[in-house]
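A quick write-up on the structure given underneath.
Every heavy atom of this structure was used, including side-chain atoms; hydrogens, water molecules and symmetry mates were not.
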Amino acid sequence: MDWLRFSYFCTSIAYKKKEIGILRAVGAKASDVFKIFFSEAFVIAIINLVLACIGAIISIYFVNDAFISSLGTIGAFYFFSFRQFGIMLALSIGVAALATFLPVYFLSRKKPVDSINNR
């Protein structure tokens with residue numbers, strides 16, 4: 001199960017095996033467990049998206065400034081628009097959903113006793 005440690009979402013879920021087992025033992029469905037962990041991953045993905053957009057806008061400004069000063073052109077080469085924002089949004093939400101769904105799916109298929117005992 002070392003593949004669970006490749007991302008923060010998977011690691012977070014791997015450390016909460018006991019919590020997943022307890023939730024399943026008291027009657028929570030696998031979809032309820034997924035909703036709990038996806039909400040955490042969604043918040044992290046949105047924070048990541050905001051920071052990535054800020055970083056992209058700043059780097060695009062400096063790259064355009066370097067091109068304009070070195071080549072002596074008038075216009076900018078790179079732009080950050082709603083299309084790039086949409087692509088970044090889709091990627092961040094998609095990765096968060098995938099990195100949450102797979103570990104929760106495999107852990108929720110186990111018996112609650114095995115998850116609680118960390119087997």
Side-chain angles (χ1 to χ4, degrees):
M1 288 267 231
D2 288 334
W3 63 273
L4 287 176
R5 299 185 192 272
F6 284 135
S7 73
Y8 171 77
F9 304 121
C10 295
T11 305
S12 173
I13 294 168
Y15 288 135
K16 295 182 181 178
K17 282 183 190 179
K18 191 173 189 176
E19 186 178 327
I20 291 172
I22 291 170
L23 287 171
R24 296 283 292 149
V26 296
K29 293 185 273 183
S31 63
D32 297 332
V33 175
F34 174 74
K35 288 176 188 175
I36 291 169
F37 285 100
F38 182 72
S39 62
E40 175 188 344
F42 181 75
V43 169
I44 293 170
I46 294 300
I47 292 170
N48 182 32
L49 174 69
V50 169
L51 294 175
C53 287
I54 291 170
I57 290 170
I58 291 171
S59 63
I60 286 172
Y61 171 76
F62 285 118
V63 168
N64 281 335
D65 190 42
F67 277 144
I68 290 170
S69 65
S70 66
L71 298 177
T73 60
I74 298 171
F77 286 100
Y78 299 108
F79 299 100
F80 189 82
S81 65
F82 289 112
R83 182 173 145 200
Q84 284 79 17
F85 176 77
I87 291 170
M88 291 173 72
L89 176 67
L91 284 174
S92 65
I93 299 299
V95 168
L98 188 65
T100 303
F101 176 74
L102 291 177
V104 168
Y105 175 74
F106 289 123
L107 289 175
S108 65
R109 289 181 58 194
K110 286 183 170 183
K111 293 180 184 177
V113 174
D114 292 339
S115 294
I116 293 171
N117 290 333
N118 212 6
R119 291 184 198 166

Report task. Measure the acute angle between the ring planes of Phe101 and Tyr105, then classify it against the limits of 30° and 60° as parallel, tilted or perpendicular. Result -> parallel
Query raised in the report: Could you go step by step and tell me if Phe42 and Ile93 meet the side-chain contact (heavy atoms from CB on, under 4.5 Å) rule?
Result: CA-CA 7 Å; Phe42 181 75; Ile93 299 299; 3.3 Å; yes
Report task. Indicate if Val43 and Leu91 have the same hydrophobic cluster label, given that clusters are the connected sets of ILVMFWY residues with side-chain heavy-atom separations under 4.5 angstrom. Result -> no
Requested in this report: Output the distance between atom CD (Glu40) and atom CZ (Phe37), rounded to the nearest 0.5 Å.
Outcome: 7.0 Å
**Report entry** Same apolar cluster: Phe38 and Leu98, side chain cutoff 4.5 Å
**Finding:** yes
Query - Taking every non-hydrogen atom, the tightest pair across Phe79 and Ile60 - result: O-CD1, 4.0 Å
Report summary line: Value for CD1 (Ile87) from OG (Ser92), rounded to nearest 0.5 Å, stands at 12.0 Å
Requested in this report: List the atom of Ser69, the atom of Ala66, and the distance in Å for their closest heavy-atom pair.
Outcome: OG-O, 3.1 Å
Query raised in the report: Looking at OG1 of Thr100 and NZ of Lys35, how far apart are the two atoms once the value is rounded to the nearest 0.5 Å?
Result: 14.5 Å
Query raised in the report: Is any side-chain heavy atom of Gln84 closer than 4.5 Å to a side-chain heavy atom of Tyr78?
Result: no
**Report entry** Connected via hydrophobic side-chain network under 4.5 Å: Phe106 and Val104
**Finding:** yes
Ignoring hydrogens and angles, write down the donor-acceptor pairs under 3.5 Å from the side chains of residues 45-59, residues two or more places apart or on other chains.
from: Ser59; atom 1: OG; to: Gly55; atom 2: O; distance (Å): 3.0
from: Ser59; atom 1: OG; to: Ala56; atom 2: O; distance (Å): 3.0

